[in-house]
Engineer: 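I'd like to ask some things about the structure below.
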Protein chains: 2
Amino acid sequence: MSRTGTRSGKPTLTDVAARAGVSATTASYILNGRTLEMRISSDTEERVQLAAQELGYRPNRTAQSLRTASTRIIGVVTDYVAGGMFSARILAGANAAARQQDHVLMIGETDGDTRTTTELVHEFVDRQVDGLLFVARTTSSIRLPQGLAGTRVVTVNCIDTSSPYPSVLPDDRGGGRRAAEALIGAGLTDGIVVVGEDTTTEALAGVRVDGLVERLAEDGVRVAARLECPWNLDDAYGALAGWLDRGGRPRAVVCLNDRVAWGVYHALADVPLAVPGEVSVISFDGSELGRWMRPTLASVALPFFEMGQEAVRILLDPAEKESVVMDMPLLPGDSMAAPFAAPLSGVEREG
Amino acid sequence: MSRTGTRSGKPTLTDVAARAGVSATTASYILNGRTLEMRISSDTEERVQLAAQELGYRPNRTAQSLRTASTRIIGVVTDYVAGGMFSARILAGANAAARQQDHVLMIGETDGDTRTTTELVHEFVDRQVDGLLFVARTTSSIRLPQGLAGTRVVTVNCIDTSSPYPSVLPDDRGGGRRAAEALIGAGLTDGIVVVGEDTTTEALAGVRVDGLVERLAEDGVRVAARLECPWNLDDAYGALAGWLDRGGRPRAVVCLNDRVAWGVYHALADVPLAVPGEVSVISFDGSELGRWMRPTLASVALPFFEMGQEAVRILLDPAEKESVVMDMPLLPGDSMAAPFAAPLSGVEREG
DNA sequence: TTGAAAGCGGTACCAT
DNA sequence: ATGGTACCGCTTTCAA
């Protein structure tokens, strides 16, 4: 009465072979579509395919992995999965690219802890991942742990300057230039105030303002005021409100990120100064927050989804060795005077 | 000259055994801490540990998995990884619980597509995951695909009523009651208007308003107006603005989610009506958006992190069969009149 | 106290 | 055109 002799539920390759009356070898070649290298009669092929079908055969990936030393798993070590939608967007991009190449993502969160990071790396390496992605929520400099020899690595939104691994970073200088071009294009060539400090001084970010100033200068435009403050609502509010109190009057405010812009909106509303009627606002991030603001915020976007995609592409291509910086596109919003005021969807206007 | 004879880089259990001058069997028992079941001389034990240390031995998880038929991997099938921070928070909670029990998360995104879902499930089952989590961004009803026999499953923030698997859902009725208690506690017993439709009509959500009304009634309090609208900024703005135009004057607004609350803030500001001076606002979600609003938003929070944690706990406990609903705690905010107005941090007040 | 040997489910070399 | 067999690295039964 015994069927094909397997005790557990799932049919194995041997079961399929038995049912088709061939050897496991033959079945293996056929089911892997390698029917050309081996010469297989189309009759045999059909019998095997049919048997597999009938049994509902699915290959055991674990066994395949053990034998081939390739798991088709990409390990993702991220500082904060939950930290805002940023890491999540990178994850989504990485996942999309991974699925496209028949890979799957395994994730781990470090909370920024070095020890946890090391443990996770071990965990992933023990599991024979085909490659490792290091993902940071905020563009930053990191230090990769030991034990990575023989593992492909790509760092996303972060970089270990003492490692030879490729990285994927946003092009912050280019982003700064793009913001400048938006201002120039809208005829906003004076009364430009920049809010927020340009943090990381390395070849990472920190070049946002450089790019902005540089591109403005090419058209003979100068920044009227530079208000340094941490990247959050309350500090940005305080910085701009103080400046306005002292009689400052801007025509355009450039915010170093969207949270800063949120604070800037509040400060402008206190005066009040209408956006974009009296003052245009442009920012960096392209976050969801900007979509919630009214008027919606024009923002030079961090291309996180694309960065995740690109990182996997590089990781999986043995030929790729080079780091890349990704273009930061302008996400249009109603906070800029024409020609950037075209609304994408119907929203209420002020008075 | 040949060392222990392994060609590839990583030392194997056999290598360790050879170096310690014992059999693989012995080495295996020692390295797995099963030194009690087997009687091993402490001398042998030391030699093996030392050898492992010196070689930098790490067990090959793939081989272990093949042999033991347990991967210590949990597959997470989610509709939208990137969709707001909600799925991400569930993921973070699941990950925390998983790591604690020496498991790791493998993720996949379906974009809400049935076909993709089925493919992912196959992918994960082929990879011998120890269990599967189905995660939805929005509390909802789903239909699980075939091929799950023999796999442990828990649905998180969603439920397949035709399946026997446990689910983890927020206690929306309890959440509604909690909002009611907050209102009553603040003495807000008239002029209560509820904004937003109570979508899902099943035993899922839809009971938020039920809970609210029910608890209010227990204190003889009634809702003054019910404004149905989709859960987004513009519709909520429109709904409340229209009602205010018609002369409506609320003392408290209950918003079905935080995006609705944001629209409500805008509508109130137009009149203007001060929050919380003239009108108190309470909402549901406990999202980041609420933390950004000024005044910060009091909101009955969806405990996503905890739901993720709990789901993994249930998944990994063979004894657990029951679904659970998770308490929705009140996240305090400055949008409620005393005694809920105590600010958590110094923020600006309106004139 | 310890080791030999048989797999777990595939893949791939080498015969036939 | 197809099948035998060794092996990937580890666990576990059984014998010594």
Side-chain angles (χ1 to χ4, degrees), chain A residues 4-48 51-52 55-72 125-128 130, chain B residues 4-48 51-52 55-72 125-128 130:
Chain A
T4 38
T6 315
R7 351 147 192 29
S8 92
K10 317 221 174 265
T12 73
L13 181 63
T14 313
D15 295 332
V16 175
R19 175 175 255 256
V22 300
S23 73
T25 307
T26 306
S28 173
Y29 273 88
I30 291 173
L31 294 173
N32 286 333
R34 305 174 55 188
T35 179
L36 300 161
E37 336 177 9
M38 214 56 184
R39 275 157 310 178
I40 306 278
S41 72
S42 57
D43 171 56
T44 311
E45 160 137 31
E46 270 173 35
R47 287 207 326 280
V48 171
L55 257 32
Y57 171 74
R58 306 230 93 218
N60 181 324
R61 287 283 211 168
T62 307
Q64 288 182 321
S65 294
L66 178 58
R67 184 60 234 229
T68 63
S70 162
T71 52
R72 305 192 80 79
V125 169
D126 293 351
R127 288 176 183 281
Q128 318 252 95
D130 285 0
Chain B
T4 36
T6 315
R7 349 140 198 34
S8 93
K10 317 216 174 269
T12 73
L13 181 63
T14 313
D15 294 333
V16 174
R19 175 174 255 258
V22 300
S23 74
T25 308
T26 306
S28 174
Y29 273 88
I30 291 172
L31 294 175
N32 285 336
R34 304 174 53 187
T35 181
L36 300 161
E37 333 177 12
M38 216 55 185
R39 277 157 311 178
I40 305 277
S41 71
S42 58
D43 171 57
T44 312
E45 159 134 32
E46 269 174 35
R47 286 208 324 282
V48 170
L55 257 31
Y57 171 75
R58 308 229 90 221
N60 181 325
R61 287 281 210 169
T62 307
Q64 287 182 322
S65 295
L66 178 59
R67 183 60 232 238
T68 63
S70 162
T71 52
R72 306 191 81 77
V125 170
D126 293 351
R127 288 176 184 281
Q128 319 250 94
D130 285 359

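We use all heavy atoms of the structure for the numbers below, so side chains are in, but hydrogens, waters and symmetry mates are not. Protein chains get the first letters and strands the later ones, always in sequence-line order, with residue 1 at the start of each.
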Engineer: Can you measure B:N60 atom CG to D:dC7 atom P for me and round it to whole angstrom units?
Structural biologist: 18 Å

Engineer: Hey, which sits more toward the 5' end of DNA chain D by its nearest nucleotide, A:S42 or B:L66?
Structural biologist: A:S42

Engineer: Report the distance from atom CZ of A:R58 to atom P of C:dG9, rounded to the nearest whole Å.
Structural biologist: 16 Å

Engineer: Both B:Q128 and B:G21 contact DNA chain C. Taking the nearest nucleotide for each, which residue is further toward the 5' end?
Structural biologist: B:G21

Engineer: Salt bridge or not between B:D15 and B:R19? Use side-chain N to carboxylate O under 4.0 Å.
Structural biologist: no

Engineer: Measure from CG on A:D126 to C1' on D:dG9 and round the result to the nearest Å.
Structural biologist: 13 Å

Engineer: Just to verify, what does B:S65 make a side-chain contact (heavy atoms from CB on, under 4.5 Å) with, not counting sequence neighbours?
Structural biologist: A:T62, B:T71

Engineer: Heavy-atom distance under 4.5 Å between the side chains of A:L31 and A:V48, does that happen here?
Structural biologist: yes

Engineer: Output the rounded distance in Å from CG (B:D43) to P (C:dT2).
Structural biologist: 8 Å

Engineer: Just one of A:K10, A:R58, A:R61 clears the side chain to side chain donor-acceptor pair (under 3.5 Å) bar with B:D126, so which one?
Structural biologist: A:R58

Engineer: Rounded to the nearest Å, what distance is computed from the NZ atom of residue B:K10 to the P atom of nucleotide D:dC10?
Structural biologist: 12 Å

Engineer: Can you check the B:E45 CD to C:dT2 P distance for me, whole Å?
Structural biologist: 10 Å

Engineer: Any side-chain N or O of B:T12 below 4.0 angstrom from OP1/OP2 of D:dG9?
Structural biologist: no

Engineer: Could you tell me how far apart B:R61 (CZ) and D:dC10 (P) are, to the nearest whole angstrom?
Structural biologist: 12 Å

Engineer: How far apart are the closest heavy atoms of B:L13 and B:Y57, and which atoms are they?
Structural biologist: N-CE1, 3.3 Å

Engineer: Compare side-chain N and O positions of A:S41 against OP1 and OP2 of D:dT2 and report whether any pair is under 4.0 Å apart.
Structural biologist: yes

Engineer: Rounded to the nearest Å, what distance is computed from the CZ atom of residue A:R127 to the C1' atom of nucleotide D:dG9?
Structural biologist: 15 Å

Engineer: Step by step, work out the side-chain contact (heavy atoms from CB on, under 4.5 Å) result for B:N60 and B:T12.
Structural biologist: CA-CA 8 Å; B:N60 181 325; B:T12 73; over 6 Å; no

Engineer: When rounded to the nearest 0.5 angstrom, what is the spacing between CD1 in B:I30 and CZ in B:R47?
Structural biologist: 8.5 Å

Engineer: Across nucleotides 11-16 of chain C, 5' to 3', mark each nucleotide with B, S or - according to how protein heavy atoms within less than 4.0 Å reach it.
Structural biologist: BBB---

Engineer: Below 4.0 angstrom from OP1 or OP2 of D:dT2, is there any side-chain N or O of A:T44?
Structural biologist: yes

